[in-house]
Amino acid sequence: MIVIFLGPPGAGKGTQAKRLVTEKRWPQLSTGDMLRSSIKANEPLGQKAKSFMDKGELVPDDVIIALIEKRTTHADCKDGFILDGFPRTIPQAVALEKMLESRKLGVDRVLQFDVSDTELVNRLSGRRTCSKCGEVFHLSFSPPKIAAVCDRCGGALLQRDDDKAEVIQKRLSVYHKQTSPLVEYYINKKNLIKLNAAQNPENVWALIAASVAKV
Ligand code: AMP
């Protein structure tokens with residue numbers, strides 16, 4: 001089962017993907033998370049990606065495609081995986097299709113997370129992430145019990161550099177220009193399901209569970 005979570009930053013893809021991982025045991029392949037851990041580990045890949053990420057721009061396609069090609073060969077991907085934040089451009093989608101075809105596989109579902117820009121700005125600007133375990137909080141919608149401290153592991157909660165106001169606008173415009181053409185691309189492939197992701201997370205989850213069950 002290969003599922004793509006397609007949507008703008010802040011649409012709730014990561015949160016919902018984590019829930020799907022718990023239910024189905026397919027790994028969540030978040031290219032954003034992979035790049036951030038590579039930056040943390042001070043690897044050449046992370047160093048290359050950081051300058052793009054800090055500006056809210058996309059990391060070059062060849063770098064990202066190589067990352068996904070390698071990661072999907074790991075044993076935990078054998079029964080399926082969830083692509084969270086990949087593909088983000090048409091060339092990435094084409095490369096994914098070719099890669100899967102060569103392994104006699106294909107994309108089973110593309111779930112499009114639909115949310116207005118105004119709502120996304122609210123969500124992203126209040127988002128805080130645990131520097132230790134990656135748990136995500138929101139200053140208004142899901143605040144931690146103690147300010148700036150993770151409820152789960154006690155780690156410090158930080159704002160991602162790219163969740164700062166000036167970078168948020170750039171990321172949204174990059175989404176509209178470079179990623180939203182994928183909606184049309186997957187409509188044509190007839191495997192896209194559009195979800196109203198502005199609803200509360202429980203309702204969004206119910207839609208996801210239903211669309212995945214149908215495959
Ligand atoms: P995310 O955590 O998914 O919002 O990704 C954070 C940043 O990582 C993005 O703004 C991009 O700079 C980079 N990134 C993540 N996934 C991709 C991708 N598929 N293609 C290009 N850049 C990506």
Side-chain angles (χ1 to χ4, degrees), residues 2-18 20-21 27-41 43-72 81-100 107 110-113 115 117 119-131 133-138 157-183 185-186 197:
I2 295 169
V3 189
I4 295 177
F5 279 16
L6 174 64
K13 302 187 299 298
T15 308
Q16 297 291 350
K18 286 191 176 68
L20 194 53
V21 170
Q28 170 197 11
L29 310 190
S30 158
T31 39
D33 285 349
M34 290 181 209
L35 295 170
R36 279 184 290 277
S37 45
S38 185
I39 293 174
K40 234 179 170 177
E43 293 166 357
L45 166 72
Q47 286 162 3
K48 184 168 179 190
K50 190 174 187 320
S51 58
F52 295 97
M53 293 169 78
D54 285 349
K55 284 185 277 185
E57 290 170 5
L58 295 185
V59 173
D61 286 335
D62 56 337
V63 174
I64 295 287
I65 291 164
L67 196 64
I68 283 290
E69 279 192 341
K70 190 163 166 213
R71 179 62 183 87
T72 51
F81 46 85
I82 306 157
L83 291 169
D84 164 14
F86 177 92
R88 256 173 154 104
T89 63
I90 298 279
Q92 289 181 18
V94 172
L96 173 68
E97 204 174 320
K98 278 198 189 135
M99 178 193 93
L100 293 176
V107 172
V110 181
L111 304 183
Q112 182 203 349
F113 287 58
V115 191
D117 278 9
E119 174 69 14
L120 293 170
V121 171
N122 278 338
R123 290 186 186 183
L124 291 168
S125 54
R127 181 161 73 176
R128 297 294 181 271
T129 310
C130 176
S131 52
C133 74
E135 186 80 352
V136 181
F137 296 83
H138 190 282
L157 300 186
L158 301 177
Q159 184 174 38
R160 277 168 49 173
D161 283 339
D162 59 353
D163 279 346
K164 299 195 168 136
E166 58 287 5
V167 188
I168 290 175
Q169 287 305 335
K170 174 72 184 174
R171 290 166 72 204
L172 292 179
S173 93
V174 164
Y175 175 79
H176 291 300
K177 231 185 257 159
Q178 292 178 265
T179 307
S180 67
L182 290 176
V183 171
Y185 179 88
Y186 285 117

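Atoms within a ligand are numbered from 1 in the order they appear, just like the ligands themselves.
By the salt bridge (charged side-chain N to carboxylate O under 4.0 Å, His left out) test, R88 pairs with no residue at all, sequence neighbours left out. By the side chain to side chain contact (heavy atoms under 4.5 Å, CB included) test, V174 is found to be paired with L58, K170, Q178, residues two or more places apart in sequence or in another chain being considered.
Counting only distance, with no hydrogens or angles, the side chain of S37 and the backbone of D33 share a donor-acceptor pair below 3.5 Å.
The protein residues lying under 4.0 angstrom from ligand 1, judged by non-hydrogen atoms, are T31, G32, L35, R36, M53, E57, L58, V59, I64, G85, F86, R88, Q92, R160, D162, R171.
Note that the CG atom of D161 and the CE atom of M53 stand 9.5 Å from one another [nearest 0.5 Å].
Heavy-atom contacts from other residues, nucleotides or ligands closer than 6.0 Å to NZ of K164 number more than 12.
The stretch residues 5-18 participates, sequence neighbours left out, in no salt bridge (Lys or Arg N to Asp or Glu O under 4.0 Å) pair at all.
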